[in-house]
Number of protein chains: 2
Amino acid sequence: MASLGELERAVMDLLWAGHEAATANTLRDRLATTTEAKGDAAGHEGKELAVTTVLTVLSRLEKKGLVERERGMRPHRYQAVSSREDHTAELMHEVLGSAPDREAVLARFIGSVTDSEAETLRKLLGHI
Amino acid sequence: MASLGELERAVMDLLWAGHEAATANTLRDRLATTTEAKGDAAGHEGKELAVTTVLTVLSRLEKKGLVERERGMRPHRYQAVSSREDHTAELMHEVLGSAPDREAVLARFIGSVTDSEAETLRKLLGHI
DNA sequence: TCAAAGTTCTACGTCACGTAGAAAAATTGC
DNA sequence: GCAATTTTTCTACGTGACGTAGAACTTTGA
């Protein structure tokens, strides 16, 4: 119960990037700019979504527990509940837990980790 | 592009469990038995699905690259392409790769790993 | 009090997935 | 060799998630 759609993901990325709370309007604008880069080479002007679209997505993300909003201020402010790193790490644990033999999975996992990542892991495991 | 539905997951679990190739019929039977346990306390007799249902799911899993079938034999034999551990580890890598700062994610990840898992990791990463 | 800005409700199209019948193809038992 | 049976493929429908947004309701600012 944690998979995100394309737009939901894009919104989370924005919230995670500049991690202060943002309004739906701000997000809508940033989405247009962000999408711009992804569009086909030629200046395919990032299309602005309707604010309601962004609001719907934010509501769904809130329901999923990924986003929380301050209802005090009038243009509600939205922000990610946890950092991208925390969320991603949590996801990794979920995946890991989906297999009976966790240690066997870890073995395979380590097998295909980059050198620098292995180094990072060694350090982290050192002082625990 | 790797999330599984409930039934798809159940089928993969069976293929991963007894990891010889199996026919759609065999799988349908095992699904009934397996489901039995999950049903409400009272002997809620695992309901047998139509074989076509199982076949459809197997086709979809094949298309997703998780299952392969031997078309030689007539009742086709199906088997998982990779072990559950390999598949799970691969998923973990996918998740890890979905964040820009992989090392930061690893830090959080390690932070909430069990002791025995940490031990396993140390061994796998070699001394030091 | 009104217009403007913001929020909630409702809704539609699409796609994945559970589910399976109908039709086509292959096997098997006589 | 042919009918009965098994297996596979095609087609399809219901449901729920997600992208998308208009309509309607609420709050704010002048």
Side-chain angles (χ1 to χ4, degrees), chain A residues 1-15 21-32 34-36 38-39 44-79 91 98, chain B residues 1-15 21-32 34-36 38-39 44-79 91 98:
Chain A
M1 214 241 266
S3 76
L4 301 184
E6 196 174 342
L7 182 53
E8 291 176 329
R9 177 74 195 183
V11 168
M12 287 310 299
D13 278 341
L14 287 179
L15 291 178
T23 69
N25 265 294
T26 306
L27 290 171
R28 184 210 44 200
D29 293 342
R30 288 189 200 162
L31 279 171
T34 303
T35 309
E36 202 176 331
K38 176 193 143 200
H44 180 266
E45 270 305 310
K47 183 193 173 193
E48 293 245 316
L49 293 173
V51 194
T52 50
T53 298
V54 179
L55 281 166
T56 300
V57 168
L58 284 168
S59 292
R60 288 175 182 166
L61 287 171
E62 192 187 23
K63 190 171 304 174
K64 291 184 189 182
L66 295 187
V67 159
E68 68 188 351
R69 77 173 96 184
E70 297 169 42
R71 283 192 139 92
M73 319 261 83
R74 200 33 170 151
H76 294 176
R77 299 307 172 83
Y78 297 80
Q79 65 190 319
L91 265 191
S98 75
Chain B
M1 212 241 270
S3 76
L4 300 184
E6 196 175 339
L7 182 54
E8 291 176 329
R9 177 74 195 183
V11 169
M12 286 312 298
D13 278 341
L14 287 179
L15 291 177
T23 69
N25 265 295
T26 306
L27 290 170
R28 183 211 44 201
D29 294 342
R30 288 188 200 163
L31 278 172
T34 303
T35 308
E36 201 176 331
K38 176 193 144 203
H44 181 267
E45 271 304 309
K47 184 194 172 193
E48 293 245 315
L49 293 173
V51 195
T52 49
T53 299
V54 179
L55 281 166
T56 300
V57 167
L58 284 167
S59 291
R60 288 175 182 165
L61 288 171
E62 191 187 23
K63 190 172 305 176
K64 291 183 189 181
L66 295 187
V67 159
E68 69 188 349
R69 77 173 96 183
E70 297 169 40
R71 284 192 138 92
M73 318 262 82
R74 200 31 167 151
H76 294 176
R77 299 307 171 84
Y78 297 79
Q79 65 191 319
L91 265 190
S98 74

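Every chain is numbered from 1, with letters handed out A, B, ... down the list of sequences. Small disclaimer: the values here were computed from a predicted structure and weren't measured. FYI, side chains are in, hydrogens and waters are out, and symmetry mates aren't considered; it's all heavy atoms of this structure.
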- Scan B/Thr56 against the nucleic acid and name what it touches under 4.0 Å (heavy atoms): base, sugar-phosphate only, or nothing. base
- Task: Whole angstrom is fine here: how far is it from CZ in A/Arg74 over to C1' in D/dT28?
- Result: 8 Å
- Message: Using OP1 and OP2 only, check whether a side-chain N or O of A/Thr53 sits under 4.0 Å from D/dA21.
- Response: yes
- Separation of B/Leu7 CG from B/Leu31 CG (nearest 0.5 Å): 6.0 Å
- Task: Ignoring backbone atoms, test whether A/Arg69 places a side-chain nitrogen or oxygen under 4.0 Å from the OP1 or OP2 oxygen of C/dT8.
- Result: yes
- Search all heavy atoms of B/Arg71 against all heavy atoms of B/Glu62 and return the closest pair with its distance. NH1-OE2, 3.8 Å
- Verify the contact: side-chain N or O of B/Lys47 to OP1 or OP2 of C/dA20, cut-off strictly under 4.0 Å; return yes or no. yes
- Distance, rounded to the nearest Å, where A/Glu48 contributes CD and D/dA21 contributes C1': 14 Å
- Query: What heavy-atom pair brings B/Leu58 and B/Val11 nearest, and what distance separates the two atoms?
  - Reply: CD2-CG1, 3.8 Å
- Between C/dT27 (C1') and B/Arg71 (CZ): distance, integer Å: 18 Å
- Contact class for B/Leu55 (heavy atom, under 4.0 Å): base, sugar-phosphate, or nothing? base
- Which whole-number value in Å describes the distance from B/Leu7 CG to D/dG16 P? 16 Å
- Give the rounded distance in Å between these two atoms: CD of A/Glu8 and P of D/dC18. 5 Å
- Message: If the cut-off is 4.0 Å, is A/Asn25 near the phosphate of C/dA5, judged by side-chain N/O to OP1 or OP2?
- Response: no
- Message: Please determine whether a side-chain nitrogen or oxygen atom of A/His76 lies at a distance below 4.0 Å from atom OP1 or OP2 of C/dT7.
- Response: yes
- Message: Strictly below 4.0 Å: does B/Lys63 bring a side-chain N or O up to OP1 or OP2 of C/dC17?
- Response: no
- Could you state the CG-P distance from B/Leu49 to C/dG21, rounded to the nearest angstrom? 11 Å
- Round to the nearest Å and state the distance from B/Met12 atom CE to C/dG18 atom P. 13 Å
- Task: In plain terms, say whether B/Arg60 and B/Glu8 are close enough for a salt bridge, that is, a side-chain N and a carboxylate O under 4.0 Å apart.
- Result: no
- Select one nucleotide: of C/dA20, D/dG19, D/dG22, the one nearest the side-chain heavy atoms of A/Arg60. D/dG19
- Item | Shortest non-hydrogen contact from B/Ser59 toward B/Arg69 | OG-NH2, 3.5 Å
- Using atom CG of B/Leu58 as one end and atom C1' of C/dG18 as the other, report the distance to the nearest whole Å. 13 Å
